[in-house]
Student: 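Could you have a look at this structure, given as structure tokens, before my questions?
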Amino acid sequence: ITVHESNKNFMSDENGILFNKDKTKLIQYTAGGKDNSYTIPESVTVIGENAFRYSGLSEIIIPKGVTEIGGWAFSCCENLKSITLPESVKVLGDYAFEHCSELKSVTLPEGLTVIEDNTFDLCEKLESVSIPDSVKEIGRMAFGRCTALKEITFGKSVSVIEDYAFVACEKLQSVIIPKSVVKIGADAFGDCKKLNEIKYDGSKKDWNKIEISEENEGLQKTDIVFAK
């Protein structure tokens, strides 16, 4: 992508990567680039929707100043193996890492409050995830079809686990649900074939107060172990 220097709204760098004029928003990475690694400039605070979608990068380094990652930003980056989101990130859009089929590890920042719908859907090699204490809601299909996922650590503030949030996480055997949860959506743990135990940080009385969708065969077939 080449932008004429007289353009008042956009600019491109020597690699053809598209930014807004003051280089605070990365709009489009040049997907045909030959490099395997890319470091986002420190001036960038927003990564736009679809910015890296379908890129062949195996490593993307996100600077500390980034506050927002748009929907589909890294979707279908099928060579991406790991990603660290800096503490500055407060907004992570839906489908942001959907179908990153080689992604094995992700570090989520404290300060993130919502993991949006389908954010990590079809990340088939993701093995573990730690949800920060700041997260209050896990969206629909957020970790759906993460078939290698073995371990989930929930933060202390999660209140809503939406429909199909962890559906078809076939290797998941046990989870600990915090007492902060007030709603569990339909088939949140559906088709988790190896899930045999759910530990709950509260009492049975507390558990019965949770709004749990009737469509939850995964929960109904699993032993619930209460803390007290």
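We're numbering straight along the sequence, starting at 1.
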Student: Is it the case that the side chain of S105 and the backbone of S82 share a donor-acceptor pair, with hydrogens and angles ignored and the cut-off at 3.5 Å?
Tutor: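 No, the answer is negative, given that no donor and acceptor are paired below the 3.5 Å cut-off.
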
Student: Parallel under 30°, tilted from 30 to 60°, perpendicular over 60°: which one fits the rings of Y29 and Y38?
Tutor: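 Judged by the thresholds at 30° and 60°, the geometry between Y29 and Y38 is tilted.
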
Student: Okay, side chain of T30, backbone of G16: is any donor-acceptor separation there less than 3.5 Å?
Tutor: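 Yes, because the side chain of T30 sits within donor-acceptor range (under 3.5 Å) of the backbone of G16.
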
Student: Any carboxylate oxygen within less than 4.0 angstrom of a Lys/Arg side-chain nitrogen, looking at E102 and K125?
Tutor: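 Here E102 pairs with K125 in a salt bridge, since their nearest N and O are under 4.0 Å apart.
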
Student: Please determine whether side-chain hydrogen bond (donor to acceptor under 3.5 Å, both in side chains) holds for the pair S128 and E151, giving the CA-CA distance in whole Å, both sets of side-chain angles, and the decisive distance to 0.1 Å.
Tutor: CA-CA 5 Å; S128 66; E151 182 180 359; 5.0 Å; no

Student: Can you confirm whether more than 12 heavy atoms, excluding those of K90, are under 6.0 Å from its NZ atom?
Tutor: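 For K90, atom NZ is crowded (more than 12 foreign heavy atoms under 6.0 Å).
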
Student: Hey, what's the ring geometry for Y95 with W72, parallel, tilted or perpendicular (30° and 60° as the breaks)?
Tutor: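 Y95 and W72: parallel rings.
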
Student: Any sub-3.5 Å donor-acceptor pair from T24's side-chain atoms to V44's backbone N or O?
Tutor: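 Such a contact is absent between T24 side chain and V44 backbone.
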
Student: Check I60 against I83 and note the closest heavy-atom contact, atom names and distance.
Tutor: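 Scanning both residues completely, I find the closest heavy atoms to be O-CD1, 3.5 Å.
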
Student: Kindly indicate, with the supporting measurements, whether the criterion side-chain hydrogen bond (donor to acceptor under 3.5 Å, both in side chains) is fulfilled by T147 and E170.
Tutor: CA-CA 5 Å; T147 51; E170 296 176 355; 5.5 Å; no

Student: Is the CD atom of E211 crowded by more than 12 outside heavy atoms at less than 6.0 Å?
Tutor: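 Incorrect, the count does not exceed 12.
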
Student: Would you say the side chains of N7 and N9 form a donor-acceptor pair under 3.5 Å?
Tutor: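 N9 and N7 do not have a side-chain donor-acceptor pair below 3.5 Å.
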
Student: Looking at K183 and E162, does any basic side-chain N land under 4.0 Å from a carboxylate oxygen?
Tutor: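 Salt bridge present between K183 and E162.
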
Student: Answer yes or no: does atom CD of E87 have more than 12 heavy-atom neighbours from other residues, nucleotides or ligands under 6.0 Å?
Tutor: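 More than 12 heavy atoms, drawn from other residues, nucleotides or ligands, come within 6.0 Å of this atom.
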
Student: Please tell me whether S213 and N216 have a donor and an acceptor in their side chains that are separated by less than 3.5 angstrom.
Tutor: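 No, no side-chain donor-acceptor contact under 3.5 Å.
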
Student: Is there side-chain contact between I177 and D201, with at least one heavy-atom pair below 4.5 Å?
Tutor: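 No, side chains not in contact.
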
Student: Under 3.5 Å, is there a donor-acceptor pair between the side chain of E110 and the main chain of S134?
Tutor: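 The answer is yes, because a donor-acceptor pair under 3.5 Å joins these two groups.
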
Student: For residues D163 and G185, report the shortest heavy-atom separation together with the two atoms involved.
Tutor: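 D163 and G185 have their closest heavy atoms at OD1-CA, 3.2 Å.
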
Student: Nearest 0.5 Å, please: how far is SG in C169 from CD1 in I152?
Tutor: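 So the gap between those two atoms works out to 6.0 Å.
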
Student: For N118, does its backbone N or O pair with a side-chain atom of D94 as donor and acceptor, under 3.5 Å?
Tutor: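 Judged by distance alone, no pair lies under 3.5 Å.
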
Student: Using modelled atom types and a 3.5 Å cut-off, is there a donor and acceptor pairing between side-chain atoms of T153 and backbone atoms of S130?
Tutor: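 Not a single qualifying donor-acceptor pair exists.
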
Student: Might you confirm whether atom CD of E217 has over 12 heavy atoms from other residues, nucleotides or ligands at distances under 6.0 Å?
Tutor: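 Atom CD in E217 is not crowded, with 12 or fewer foreign heavy atoms closer than 6.0 Å.
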
Student: Applying side-chain hydrogen bond (donor to acceptor under 3.5 Å, both in side chains), name anything that partners K179, two or more places apart in sequence or on another chain.
Tutor: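 Result, side-chain hydrogen bond (donor to acceptor under 3.5 Å, both in side chains) vs K179: none returned.
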
Student: Around atom NZ of K81, are there more than 12 heavy atoms from other residues, nucleotides or ligands closer than 6.0 Å?
Tutor: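 It does: K81 NZ has more than 12 such atoms within range.
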
Student: May I ask whether I224 and V181 are part of the same hydrophobic cluster, defined by side-chain heavy atoms of I, L, V, M, F, W, Y residues being less than 4.5 angstrom apart, directly or through others?
Tutor: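 As far as the 4.5 Å side-chain criterion goes, V181 and I224 are connected within one cluster.
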
Student: Does the E116 side chain pair with the main chain of I138, one donor and one acceptor, at a distance under 3.5 Å?
Tutor: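 Side chain of E116 to backbone of I138, a donor-acceptor pair under 3.5 Å: no, none is there.
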
Student: Anything under 30° is parallel, anything over 60° is perpendicular, the rest tilted; go ahead and classify F74 against F52.
Tutor: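 Ring orientation of F74 relative to F52: parallel.
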
Student: If you count every heavy atom of other residues, nucleotides or ligands that lies below 6.0 Å from K150 atom NZ, does the total exceed 12?
Tutor: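 Not buried by this count: 12 neighbours or fewer within 6.0 Å.
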
Student: CD of E68: more than 12 outside heavy atoms within 6.0 angstrom?
Tutor: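 More than 12 within 6.0 Å, yes.
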
Student: Is K221 atom NZ crowded by more than 12 heavy atoms from other residues, nucleotides or ligands, each under 6.0 Å away?
Tutor: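 No, the 6.0 Å shell around NZ holds no more than 12 heavy atoms from other groups.
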
